[in-house]
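Worksheet: the structure to be examined is printed underneath.
In this text the structure is predicted, and so the values were computed from the model without any measurement. For reference, positions follow the sequence shown, starting with 1. When a ligand or atom number is given, it counts from 1 through the structure's own listing order. Values reported hereafter were calculated over all heavy atoms of this structure, with side chains retained and with hydrogens, waters and symmetry mates removed.
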Amino acid sequence: MLKVLQNLLDLQGVDVRLNEVRARLAKFPKKLAELDARVAAARAAVEQSKAAQLATVKDRKKYELDVEQWKERARKYRDQTAQIKTNEAYKALQHEIQLAEEEIARAEDRLLEQMVAAEEYDRQVKAAEKALKETEEITRGDRAKIEADKAAEDGDFASLNAERARAVAEIPEELLDHYERIAKKHDGLALAEVRGEKCSACGMIVRPHVFQEMRRTGSEELFHCETCTRILYYIEPGTSAAPAAASAAQASSPAES
Ligand SMILES: [Zn+2]
């Protein structure tokens, strides 16, 4: 294979991996936002249960006051019985006292119900606070893991960029521009392998004389797919198919070349 083609193929290998790392890095903000949302929801549940609890505390004060007011009224009626002159008036007052007693009983029932309900609200507040604490702990662990993953991806991103700089240094500027223009159009893949005498990217048949010229030792020409315009390369059967491995083999055994 042409040296320049091999260099482009190495660059494409780095670019493919860079794109993968970029795609993974792009997902981190959403993952972290999801953790924030989980904690925020648990915190909102605590606030809600506390608001409900506060409302019952206000109810309790009102019911306590009701009990006191009816007791006060019953007391007043009883005090008045001493000054009653007629049997009729006495009966009427007794009736008022009885009504007041009933109101006291009702108010006390309401108060008791409220107290039972308040216990339930207290339990709900405690449960919500416990859930918040658990969510905070779990998300703290998740966040640490996500941040560690992100740090690893950042490291890969940096070393791939360094690798890219080395790969780019091997390629003439004009050819690099050419590569990048094609890559931009084709999702980062500017090169396509010829397989079965076809462009493996779009399936277009490569003209026989082009294919022949590509395979000719010493050929210096770059060929493009007539349909998708990608730069074509061909790996002779029996030679290494992996571009990175091929270049590594070249580097480790310079005596062969
Ligand atoms: Zn093609």
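If you check the side chains of Q124 and E120, you find a donor sitting under 3.5 Å from an acceptor. Side-chain contact, K91 with N87: no donor N or O sits under 3.5 Å from an acceptor N or O.
Side-chain contact between H178 and R181: present, with at least one pair of heavy atoms (C-beta onward) separated by less than 4.5 Å.
Here K150 pairs with D154 in a salt bridge; the nearest charged N to carboxylate O distance falls below 4.0 Å.
Sparse packing is recorded around CD of E173, with 12 or fewer heavy atoms of other residues, nucleotides or ligands lying under 6.0 Å away.
Annotation: protein N, O or S atoms under 2.8 Å of the Zn ion (ligand 1) (waters excluded) comprise C199 SG, C202 SG, C225 SG, C228 SG.
Closest of all the heavy-atom pairs between K198 and V206 is C-CG2, 4.0 Å.
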